[in-house]
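Take a look at the structure below.
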Amino acid sequence: MPKTAKAAAKAALYDAFAVGGKALASGKRLELLDLLAQGERTVDALAKAAGLNLTTASAHLQTLKQAGFVATRREGVRVHYRLAGDDVARLFALLRKVTETHQATVPAARDAYLGEDGAAQVGRDELRARVEAGDVVLLDVRPVEEYRAGHIPGALSVPVAELADRIQELPPDLEVVVYCRGEYCVLAHDAVRLLAEHGRRAIRLDDGMLEWRLAELPVHTGDPA
């Protein structure tokens, strides 16, 4: 291959890589990937969850689709989006951790968003052992549609928006372990604060459903019991 042709081919290759980078260069598109890591959703549901209008949400999703990060299926007039593969979820999770390590603004932004709840944390292995032993109640505080799409075995579903009215459903003599979407999800922090205000012992899983799936641990699907 002539030198100029090889240079052009190399440039084309790196430009193709850059399509993926450009697709990730938007906070809202990353938020949409975070939501899709919990399970398939319609455009309407994604727009509502991300606080976007339909036109803007659709445009972001098309950018992600053009980069190959999401796939679609049609059901009547509804278009459902999902991640194109587990490798996209891994890329998203890795991007967050690498950026937190090397971008000085991330830790302060993380702390400002999540807030302080003073809660202890538990890892996945310890959590599995404690659930099996029956000495904790495991609480999934994500929206119920995310619970249906996949949850940790043994978890109860009480969305954080309903928790204040449903605390009495939780066994009063057991410590509560709370989890939500992932390490950077505020729902578990909010739930722990609320439980503490009501005099309940509560701790958090140190990450969440995204990391649980990526660790290839058991996942159950279906409606709350």
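Keep in mind the model is a prediction, meaning the values are calculated, not measured.
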Please say whether more than 12 non-hydrogen atoms of neighbouring residues, nucleotides or ligands are located less than 6.0 Å from CG in D86.
no
Tell me, do L210 and Y184 make a side-chain contact under 4.5 Å, heavy atoms counted?
no
Under 3.5 Å, side chain of Q168 to main-chain N/O of D165, donor-acceptor pair present?
yes
Check whether any side-chain heavy atom of L156 sits under 4.5 Å from a side-chain heavy atom of L138, and report yes or no.
no
Between D207 and R124 (salt bridge meaning N to carboxylate O under 4.0 Å), is one present in this structure?
yes
Derivation of the salt bridge (Lys or Arg N to Asp or Glu O under 4.0 Å) call for E100 and K97:
CA-CA 5 Å; E100 180 178 355; K97 293 306 293 182; 3.4 Å; yes
Salt-bridged, R193 to D190, with N to O below 4.0 Å?
yes
Tell me if the CZ atom of R78 is crowded by more than 12 foreign heavy atoms within 6.0 Å.
no
Would you confirm whether Y179, through its side chain, and I152, through its main-chain N or O, come within 3.5 Å as a donor-acceptor pair?
yes
Indicate yes or no for a side-chain donor-acceptor contact from E211 to the backbone of E183 under 3.5 Å, with no hydrogens or angles considered.
yes
Relative to the ring of H151, is the ring of Y147 parallel (under 30°), tilted (30 to 60°) or perpendicular (over 60°)?
parallel
Taking all heavy atoms of A202 and all of L195, pick out the closest pair and write down the distance.
CB-CD1, 3.7 Å
So, does R41 use its side chain to make a donor-acceptor pair with the main chain of A49 at under 3.5 Å?
no
Looking only at heavy atoms, which two atoms of V137 and P171 are closest? And how far apart?
CG2-CD, 4.1 Å
Could you tell me whether E40 and R73 have a side-chain N and a carboxylate O separated by less than 4.0 Å?
yes
Basic-acidic side-chain contact under 4.0 Å: E175, R130
yes
Any chance you could measure T99, atom OG1, to L94, atom CG, to the nearest 0.5 Å?
8.5 Å
So that I can tick it off, tell me whether E31 and K28 are bridged by a salt bridge, with the cut-off set at under 4.0 angstrom between side-chain N and carboxylate O.
yes
Does any part of the side chain of D111, heavy atoms only, come nearer than 4.5 Å to the side chain of E116, both counted from C-beta?
no
Do Q38 and R181 have side-chain atoms, one donor and one acceptor, less than 3.5 Å apart?
no
